Amino acid sequence: MSDSETGFGKGCHLHLIDGSAYIFRAYHALPPLARKSDGLPVGAVAGFCNMLWRYLGENGASADAPTHAAVIFDYSSKTFRNEIYDLYKANRPEPPEDLRPQFPLTRDASRAFNLATIEIEDFEADDIIATLARQAREAGGRVTIISSDKDLMQLVGGGVEMLEPMKNKLIGVEEVREKFGVGPERVADVQALAGDSVDNVPGAPGIGIKTAALLINEYGDLETLLARAEEIKQPKRRAALIDNADLIRISKRLVLLDDKTPLDFALDDLEVRAPDAQALLGFLNDMEFRTLTRRVAEHFGTEPPALPQSTATGQTETAEAKAPDHPDFDKADYICIRDLGTLKTWISEIEEIGYVAVDTETTSLDEMRAELVGISLCLTAGRAAYIPLQHRAGGGDLFGSTELVAGQLALDDVLALLKPVLEDQAILKIGQNMKYDAKIFANLGISVSPIDDTMLMSYALHGGLHGHGMDALSDRYLNHQPIPIKTLLGGGKSAITFDRVGIDDATRYAAEDADITLRLWELFKPRLHGAQVSRVYETLERPLVPVLAQMERTGIKVDRDILSRMSNAFAQKMAGLEAEIHELAGERFNVGSPKQLGEILFDKMSLQGGKKGKTGAYATGADVLEDLAAEGHDLPARVLDWRQLSKLKSTYTDALQDHIHPETGRVHTSYVITGAVTGRLASTDPNLQNIPIRSEEGRRIRTAFVAEKGHKLVALDYSQIELRILAHIADIDSLKAAFREGQDIHAMTASEMFGVPLAEMTPEIRRQAKAINFGVIYGISGFGLARNLRIPRSDAQAFIDTYFERFPGIRAYMDGTVEFAKREGRVETLFGRRVHTPEINTKGPGAGFAKRAAINAPIQGTAADIIRRAMIRLPEVIADLPAKMLLQVHDELVFEVAEDAVEEVTEKVRAVMEAASEPVLRLDVPLVVDAGVGDTWAEAH
DNA sequence: CTCGTCACG
DNA sequence: GACGTACGTGACGAGT
């Protein structure tokens, strides 16, 4: 330990930059970029250089500037940890091909910036960082580790802190505690227990960070815990620790950073040096980074060197222009409006500007039950206001006070002033998930229009890349973490509603939401055009908001008595089955527990079946039980019956009753526009898109969905829409002709493939062809088809080969789509909706998923776009008819129609649906819509 | 709070 | 050459 004999000491500040993490960040954050002159991939290098330049800019002037700094890299993926555990990081994908040649270039870049550049064979960057941090700490200096790697959190404390580079967030002991539930010195213990699937650290099965922290806090440290594992009360936990003690100890050695890495230099060698203009400019110029070269040249007051050739423009610009925004939220100017004068001033300003960001605070996420508590507005970034309206005193008497807090404007007065603004066609109302706010205002007789929605803008721009909730968007695009609602409302049983939140807290929270919304809007709005998704946003996303809001508020009538009677019947049958099952098993157990069932079947009765998956539990899915039942075992057959009833009862007949609105007597689902990456909607609370129909027993549940007296339910659905779209996209003449002639498409496929004339078609052959047709839409694989049809894999593969031979255009479509996705990172529907496929160029099973998803997305997505177009047109078409649109189930729309108008409505809706792709898109195949009418949904289908 | 299971298109 | 796979969802109970 002679390394403290250097000049580094008290007053010194060492920055340690995790170079490898920077590279991966840069690589994934930026579009692929190649050097113009020779095509060398340099996107990650460009991003890396930009980061370093920004880093130097931010730190050079700061009072807390580092005196010493180094960039540390991983030497290779193999380290001493592989000696301890050969599977360490074994499932880490290989770096992408176009990244590999950039690794040495990033070292060159780091040196060009005159930063000490360190990598050591056999040791991870983390170990080197740990060693340097220890040395600096022992010498009395301070250390800042610039990285987001959670492993490094072990090092925090005693003058060492971390800086999360993207969010610019400091991580100290408190933040580590927040993340791991223990202090930095025990982080490795928690990691050893919890394991890490990314690095393939085994840990203890069934124990995550939460449980691990709990145990470590109770027993002090890992060794004590392992020594006293017998004392643990929970049998599963106890067993997990005792059985895996060795693995846990190995895990600890894997996660524990080695702060004794042999180094052949001293801290003093890391002293910060100004970059050498010549060297840096030379390197940047070599890389042909035009913008950065110019910027750096300006900084040094020299001329940028001449480029190797004059054409080096284009892509480099776009890549380098993507510096994240850094709005300063600290300066935010938020007010609370408590008098009408101030409100009027704000309103005149809104009228002048012509737009405003709006957000409502309410007592519930369910718009049908929510009460308005307050409204926030934002005019310009940083300037926002909150209008408290219905805050109530918290605590108080046992029954919950209903007293309004003083100092709030009267709801009616405020709405009277705001209604003209919210309904003014010349004022754009901007929201995040506007459907919610629009429904709240609709409850109060206000029809908000026109609107913009930042959530939908993000969906159009970034579908497939990430979620579109406000927290995620703010974090990602504004580098700002909004106040979590949990800090105001608490969690779990003791959670309060927003009306019980203090007005000061509410103002900070609500005004911030409107502020963030406005900032996101300013950022996204101009990007829509550049990304060529303006039309998608304007014609497929935004106009859907009022349509869905109306459908959701209308709801569908559900007959409680029918459900209740079915629930009782199911309960009786289940009890009978349960008794039989216990009898067959020879003991009582919870039939609903896959774990207990697995043990009964495979341990006690020793039937054939294997362990599965990460948790080590037996698989007891329907396919497994069906196989066992087919072998003549009664118990699994009974369990299958029991499960069906259990599902129907708990998910449908019981749960649906709770969703019947007390006042309307109807069920009001909520559609999530951004719910599926393909453009499909998702339905929640309750999900009305998965009401049973395939089994006779389940189908009866649809008899509880009824029409109002004097009305009928009319259901219209697209016939084979996805196969028709496939025929069009892949341009398959024979399929297109079959659809034009109205043939049975599965029979026709079977006939083509197996050479059976249509007249001699058997149901079995047709069934197989049908499975293949579906498989094609899903991105077929021999394995998948074999499993679906329960035939040998070789047979399935032979089917697929025959299919592709007969329909070569389909294979061409698939290959072309995957090719496009690999090149562009996304696929598109026929209407231009973009679905990103970030995983497609990775190695490992993820790429397989991404490939099939890429094949499926244009088909499923185009179908979704078409029904969206129909839904958007329909309100106007049925406006003067006694008909309401109630539900959408992907390819089906359900209406409630006065009896005497059924025929007219059906034909008008059918016409709109069948022509929904036009005039933008003229399909080579007809779209056919089937219709059904009845008193209940079961009859209408 | 995650997993297995199963309902739909 | 092995691996692990049909696409897209949401809700429930069990178990921790």
Side-chain angles (χ1 to χ4, degrees), chain A residues 91 205-211 214 233-237 240 464 492 590-598 612-625 639-640 643-652 654-656 659 669-672 675-695 697-699 701-702 717-718 720-722 771-772 774-789 793 796 800 835 843-861 863-864 867 888-892:
Chain A
N91 49 21
I207 294 196
I209 288 186
K210 294 258 148 82
T211 315
L214 204 77
K233 292 189 193 69
Q234 299 88 339
K236 299 283 140 54
R237 261 180 218 176
N590 183 348
V591 183
S593 162
K595 191 159 176 276
Q596 295 180 29
L597 175 66
K612 260 250 177 134
K614 313 123 212 173
T615 53
Y618 291 114
T620 66
D623 47 348
V624 177
L625 299 188
V639 171
L640 282 168
R643 278 207 185 146
Q644 196 203 1
L645 297 176
S646 162
K647 177 78 176 181
L648 295 177
K649 182 170 187 295
S650 68
T651 307
Y652 301 105
D654 285 354
L656 269 177
H659 282 286
T669 184
S670 193
Y671 290 102
V672 189
V677 288
T678 53
R680 274 194 180 179
L681 304 178
S683 161
T684 66
D685 307 301
N687 181 356
L688 294 186
Q689 293 182 320
N690 72 345
I691 303 300
I693 190 167
R694 293 176 188 168
S695 79
E697 195 106 75
R699 194 190 182 106
I701 290 170
R702 295 192 174 216
D717 69 287
Y718 284 106
Q720 312 278 14
I721 187 168
E722 294 191 352
I772 295 169
F774 274 107
V776 168
I777 292 171
Y778 296 153
I780 200 156
S781 75
F783 182 93
L785 183 65
R787 206 172 63 159
N788 190 279
L789 284 176
R793 203 176 145 170
I800 294 171
V835 180
K843 282 244 160 95
F849 282 111
K851 233 166 101 172
R852 294 189 294 272
I855 291 167
N856 174 259
I859 302 168
Q860 188 182 112
I867 198 167
Q888 190 250 42
V889 192
H890 309 308
D891 63 358
E892 171 188 4

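Sequence lines set the chain letters: A, B, ... in the order given, protein chains first and strands last, and positions in each chain run from 1. Please read these numbers as outputs of a predicted model, since none were measured by experiment.
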Please work out if [X] contacts a base, only the sugar-phosphate, or nothing of the nucleic acid, heavy-atom cut-off 4.0 Å.
{"X": "A:Ala622", "result": "sugar-phosphate"}
{"X": "A:Ala854", "result": "nothing"}
{"X": "A:Arg793", "result": "base"}
{"X": "A:Ile859", "result": "nothing"}
{"X": "A:Arg694", "result": "base"}
{"X": "A:Asn788", "result": "base"}

Using side-chain hydrogen bond (donor to acceptor under 3.5 Å, both in side chains) as the criterion, list what pairs up with [X], not counting sequence neighbours.
{"X": "A:Asn856", "answer": "A:Gln860"}
{"X": "A:Tyr718", "answer": "none"}
{"X": "A:Ser695", "answer": "A:Gln644"}
{"X": "A:Lys649", "answer": "A:Asp654"}

- Message: So which atom in A:Pro205 and which in A:Ala240 form the shortest heavy-atom distance, rounded to 0.1 Å?
- Response: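 Taking every non-hydrogen atom into account, O-CB, 3.7 Å.
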
- Message: Taking the P atom in each of C:dT5 and B:dT5, what is the distance between them to the nearest angstrom?
- Response: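 So the two P atoms sit 14 Å from each other.
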
- Roughly how far apart, to the nearest Å, are C:dA6 and B:dC6 at atom P?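 Here C:dA6 and B:dC6 have their P atoms 15 Å from each other.
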
- Whole angstrom value for the distance that separates P of B:dG4 from CG of A:Asp623: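 These atoms are roughly 13 Å apart.
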
Under the side chain to side chain contact (heavy atoms under 4.5 Å, CB included) rule, collect the residues that match up with [X], sequence neighbours excluded.
{"X": "A:Leu214", "result": "A:Arg237"}
{"X": "A:Ala864", "result": "A:Arg680"}
{"X": "A:Asn590", "result": "A:Ser593, A:Gln596"}
{"X": "A:Tyr671", "result": "A:Leu548, A:Met551, A:Glu552, A:Thr669, A:Leu681, A:Ser683, A:Gln689, A:Leu887, A:Gln888"}

- Message: Is the phosphate of C:dC7 approached by A:Arg852 (side-chain N or O, under 4.0 Å from OP1 or OP2)?
- Response: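 It does, given that an N or O in the side chain of A:Arg852 lies less than 4.0 Å from OP1 or OP2 of C:dC7.
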
- Query: Just by protein heavy atoms under 4.0 Å, how would nucleotides 11-16 of chain C read 5' to 3' in B, S and -?
  - Reply: BSSSSS

- Each stem that DNA chain C is part of, given as range with range (3 or more consecutive Watson-Crick or G-U pairs, under 3.5 Å):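 So far as stems of 3 or more pairs are concerned, DNA chain C shows B:1-9 with C:7-15.
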
- Query: Short question: side chain of A:Thr211, backbone of A:Ile207 - any donor-acceptor pair under 3.5 Å?
  - Reply: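 Flag not set: sc A:Thr211 to bb A:Ile207 has no pair under 3.5 Å.
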
- Message: Can you pull out the residues from residues 776-786 of chain A that lie within a 4.0 Å heavy-atom distance of DNA chain C?
- Response: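 When residues 776-786 of chain A is checked for heavy atoms under 4.0 Å from DNA chain C, the hits, listed by number, are A:Tyr778, A:Ile780, A:Ser781, A:Phe783, A:Gly784, A:Leu785.
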
- Could one point to a donor on the side chain of A:Arg680 or the base of C:dT9 with an acceptor on the other under 3.5 Å away?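 A donor-acceptor contact between them is absent.
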
